[in-house]
Asker: 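Could you have a look at this structure, given as structure tokens, before my questions?
Every number for a ligand or one of its atoms is a count from 1 in the order of the listing.
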Amino acid sequence: MTIRADSDGVVTGRALAGREPSEQRKPAAVFDGERLAALRDTALLEGEPDDAFARLNRIAVELLGVPVSLVSLVDEDRQFFAGQVGLPEPWASFRETPLSHSFCQHVVNSGEPLVIDDARSDPLVSGNLAIRDLGVAAYAGMPLRMRDGNVLGSFCAIDASPRHWSERDLRILGDLASTAADLIELHRVQRLPLHDPLTGLPDRALFAELVAQSVMRAGRSGECAAVLALGIDGFRLINEALGHTGGDKVLVSVGQRLTAALRGGDAVCRVGGDEFLVLCESARDEADALAVAGRLREAVTVDPIDVEGRDQPIAATIGVACTTSQVEPAELIDAALVGLHQAKAGAHACERVDPARRARADKRLRLRSDIAGAHERGELHLAYQPIMQLSTGQPTGVEALLRWQHPDLGLIPPNEFIPAAEKSGAVVALGEWVLRQACSDLLIWRRRWPERNLTVAVNVAPVQMGTANFVDVVSSTLDDLGMSPSALTLEITERTLLHDGENHHRTMDGLRALGIRFALDDFGTGYSALSYLTRFPIDTVKIDRTFVDAMTTDPRATRLVEGILAMTSGLGLQAVAEGIESKEQLDALTGMGCQFGQGYLLGRPASATAITEQLARN
Ligand code: C2E
Ligand code: MG
Ligand code: MG
């Protein structure tokens, strides 16, 4: 080693003893293949220079008071200047010198800083032509070391007369060298991962970018964005039979066949192993995409692939994902891959998957697993919507509506997460919490305004009604809190009554015996079997908002609502109209004798605090 660092880690490199003349030294590291490949990967050896390097050189020139500073990338036969200040012509224009003129190659070879106070008397470099042609008298160079350990060159300062490099000089150079190395790394990272080294096809990151653009274009034009995933059947066996080199040959050929079969704007990439993705820019709709899938399969499989004189037959399977809705590019790609795997599993040649549907299914799965701990994580709260007596305009009670603030997905509407909670069974514990919270909040209002005799309505999922101890859960909650059962209404839907009618009947009877009331929610949207109203202990019918909504435009809806109202009053039941949004609807319903109503016009769902404020106002 010709250069050494002293005990403080500060490089002196001035121990000249033992230095070999450059001619006799074998500069092994300069020619290291891996290092040279890393150097090529930066793409800095061609093209326009990045001014940022020269700016670093200017800082060195000014702070150190030297005439020349270089960012020298040491190639196998030259040093190339990614940045330079103060170099004489013609070198400045060429941006390079032969290695015969390079001190920096020694930095690369040793991987250490090189500090030379007087070049003429230094055996390592005294024969270097830079002394004669570039006027180098003193040199200090710091390695440009990449994160992978490769030293690609040197950041150096050059003086025209011998000079003693101070520790400050070397510290500044060291800092500038690491900044320059970061910059080189950036160039490399920006360029490196865009192509698959085996097939030369775009890699997944570049492909995803192309898909993103295609999805955006499709959104604008109303045409579809389509991605196909093609897998080679039995590739593992092919690999075993032909060896990895043979397997690679097959992959390269498939890549070439796909590329040759594409139309303008289409793109293909390889994703791991034997799977290829094709962006089908030319497909206008799903039929087109399926046609392209067939064509590509044909192109890939029509002839066997010649692997060193041996004909290897090829079979392929394709997954197709096509969408006109705005999906994430990754969802489109995933859907195609899922299609491919489904096709393989089912031994079909081709299978399509709707990415929007898959994305929804993914979200449902996510919600199903996340809802379990949502309460413990404090992500749940209740909103309350007033239920109004239409004749007085005063609230008779509130309905508790569950809200979930998901940390990543934002506020999830109950229609999305209640079904998920039902599937996971989490709805049972959730429901118990809702019941307790809603009753506690109601009690605050009842104590503050006892004369109003306010009630609370709590939605109950079918699964909850089916639990064996539901009656006990409800009655012990009321007991604990000291709340009158008559202040509680449980809202159930026809779905609840449809399943397991016998058990639910018993549960409802048990609760009814306690004095709890029942409302049949969303009436009109299910089977609306009128027999429910007499068979089960129902007190209130909530007319679904779709009817209230339709009343303004469809006279038949108005007659239907009239019919429901007549029927409920005939049976001695109360009616609540849901989703009243306009004065017109309110007037029509009041005119028909509807007693109670709920809707944005009368009061939106609001926090317990907001409801308290509203109650205090009127
Ligand atoms: P629901 O019980 O029929 O509740 C009424 C829904 O209509 C609420 O939606 C409410 O915000 C909405 N709404 C009220 N007035 C209007 C209006 O004027 N216009 C429109 N467009 N909508 C109005 P939300 O809060 O999204 O709840 C949806 C459903 O989720 C509820 O329908 C209920 O079935 C279920 N749900 C809510 N909380 C719970 C709960 O704690 N447990 C169970 N099992 N289900 C719940
Ligand atoms: Mg309800
Ligand atoms: Mg409803």
Asker: Between ligand 1 and Arg403, can you find any atom pair, the residue atom being a heavy atom, that is separated by under 4.0 Å?
Answerer: yes
Asker: To which protein heavy atom is atom 31 (C) of ligand 1 closest, and what is the distance rounded to 0.1 Å?
Answerer: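 Here the closest protein heavy atom is Leu401 CD2, 4.3 Å.
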Asker: Report, in ascending order of atom number, the atoms of ligand 1 lying under 4.0 Å from any heavy atom of Ala461.
Answerer: 44 (N)
Asker: Considering non-hydrogen atoms only, spot the tightest contact between Val227 and Leu277 and give its length.
Answerer: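 So the minimum-distance heavy-atom pair works out to CG1-CD2, 4.2 Å.
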Asker: Side chain, backbone, both or neither: which part of Val427 comes within less than 4.0 Å of ligand 1 when only heavy atoms are counted?
Answerer: neither
Asker: Is there a heavy atom in Glu399 that sits closer than 4.0 Å to ligand 1?
Answerer: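 Judged by the 4.0 Å heavy-atom criterion, Glu399 does count as contacting ligand 1.
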Asker: Measure from the Mg ion (ligand 3) to every N/O/S atom of Glu578 and report the name of the nearest one.
Answerer: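 Going by distance to the Mg ion (ligand 3), the closest N, O or S atom in Glu578 is OE2.
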Asker: Tell me, which protein residue and heavy-atom name are nearest atom 15 (N) of ligand 1, and how many Å apart are they?
Answerer: Gln385 NE2, 2.9 Å
Asker: Tell me whether the NZ or CZ atom of Arg604 lies within the 45° cone about the ring axis of Tyr600 and under 6.0 Å from its centre.
Answerer: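 Positive - Arg604 is close enough to the ring of Tyr600 and near enough to its axis.
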Asker: Kindly check if the number of other-residue, nucleotide or ligand heavy atoms within 6.0 Å of CZ (Arg217) is above 12?
Answerer: yes
Asker: Give a yes or no on whether a salt bridge exists between Lys363 and Asp408, defined as a side-chain N under 4.0 angstrom from a carboxylate O.
Answerer: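 Salt bridge flag = no for Asp408 with Lys363.
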Asker: Can you confirm whether Val254 sits close enough to Leu230 that some side-chain heavy atom of one is under 4.5 Å from a side-chain heavy atom of the other?
Answerer: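 They are in side-chain contact.
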Asker: What atoms of ligand 1 come closer than 4.0 angstrom to any heavy atom of Gly579?
Answerer: 16 (C), 17 (C), 18 (O)
Asker: I'd like to know if Asp549 and Arg545 make a salt bridge, using a cut-off of under 4.0 Å between side-chain N and carboxylate O.
Answerer: no
Asker: To the nearest 0.1 Å, how far is atom 24 (P) of ligand 1 from its closest protein heavy atom, and which atom is that?
Answerer: Pro414 CG, 3.6 Å
Asker: Which atoms from ligand 1 have a heavy atom of Asp521 less than 4.0 Å away?
Answerer: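 Ligand 1 atoms under the 4.0 Å threshold to Asp521: 1 (P), 2 (O), 3 (O).
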Asker: For ligand 1, does Ile418 get within less than 4.0 Å through its side chain, its backbone, both, or neither, judged by non-hydrogen atoms?
Answerer: side chain
Asker: Residue-level breakdown please: for Arg604 versus ligand 1, do any non-hydrogen atoms fall below 4.0 Å on the side chain, on the backbone, on both, or on neither?
Answerer: neither
Asker: Quick one: which ligand 1 atoms are inside 4.0 Å of a heavy atom on Pro605?
Answerer: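 Near Pro605, the atoms of ligand 1 are 11 (O).
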Asker: Decide, counting backbone as well as side-chain atoms, whether Asp522 has an N, O or S atom less than 2.8 Å from the Mg ion (ligand 3).
Answerer: yes
Asker: State the atoms of ligand 1, each with its element, that fall below the 4.0 Å cut-off from a heavy-atom position in Val434.
Answerer: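 Contacts of ligand 1 toward Val434, numbered from 1: 41 (O).
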Asker: Using a 4.0 Å heavy-atom cut-off, which part of Asn459 comes near ligand 1: side chain, backbone, both, or neither?
Answerer: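 Near ligand 1, Asn459 shows its backbone as well as its side chain.
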Asker: Closest N/O/S atom of Asp521 to the Mg ion (ligand 2), by atom name?
Answerer: OD2
Asker: To make sure I understand the geometry: which N, O or S atom in Glu399 is closest to the Mg ion (ligand 2)?
Answerer: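 Nearest to the Mg ion (ligand 2) within Glu399's N, O and S set: OE2.
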Asker: Out of all atoms in ligand 1, which are within 4.0 Å of some heavy atom of Glu491? Include the element for each.
Answerer: 2 (O)
Asker: Please could you name the atoms of ligand 1 that Glu581 approaches to less than 4.0 Å, counting only its heavy atoms?
Answerer: 17 (C), 18 (O), 19 (N), 20 (C), 21 (N)
Asker: Of all the N, O or S atoms in Glu491, which has the shortest distance to the Mg ion (ligand 2)?
Answerer: OE1
Asker: What are the two closest heavy atoms between Ala229 and Ala336, and how far apart are they?
Answerer: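 Answer, listing the atom of Ala229 first, then Ala336: CB-O, 3.5 Å.
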Asker: I'd like to know if Arg358 and Asp362 make a salt bridge, using a cut-off of under 4.0 Å between side-chain N and carboxylate O.
Answerer: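 Result for this pair is yes, salt bridge flagged.
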Asker: Any protein heavy atom at under 4.0 Å, with atom 9 (O) of ligand 1 as the reference point?
Answerer: no
Asker: In ligand 1, which numbered atoms sit nearer than 4.0 Å to a non-hydrogen atom of Gly599?
Answerer: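 So the answer, numbered in order with elements, is 15 (N), 18 (O).
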Asker: So which protein heavy atom does atom 38 (N) of ligand 1 come closest to, and at what separation?
Answerer: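 The closest one turns out to be Leu402 N, 3.0 Å.
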Asker: How does Glu578 reach ligand 1, by side chain, by backbone, by both or by neither, if only non-hydrogen atoms under 4.0 Å count?
Answerer: side chain
Asker: Note the single closest protein heavy atom to atom 7 (O) of ligand 1, along with its residue, its atom name and the distance in Å.
Answerer: Arg545 NE, 4.0 Å
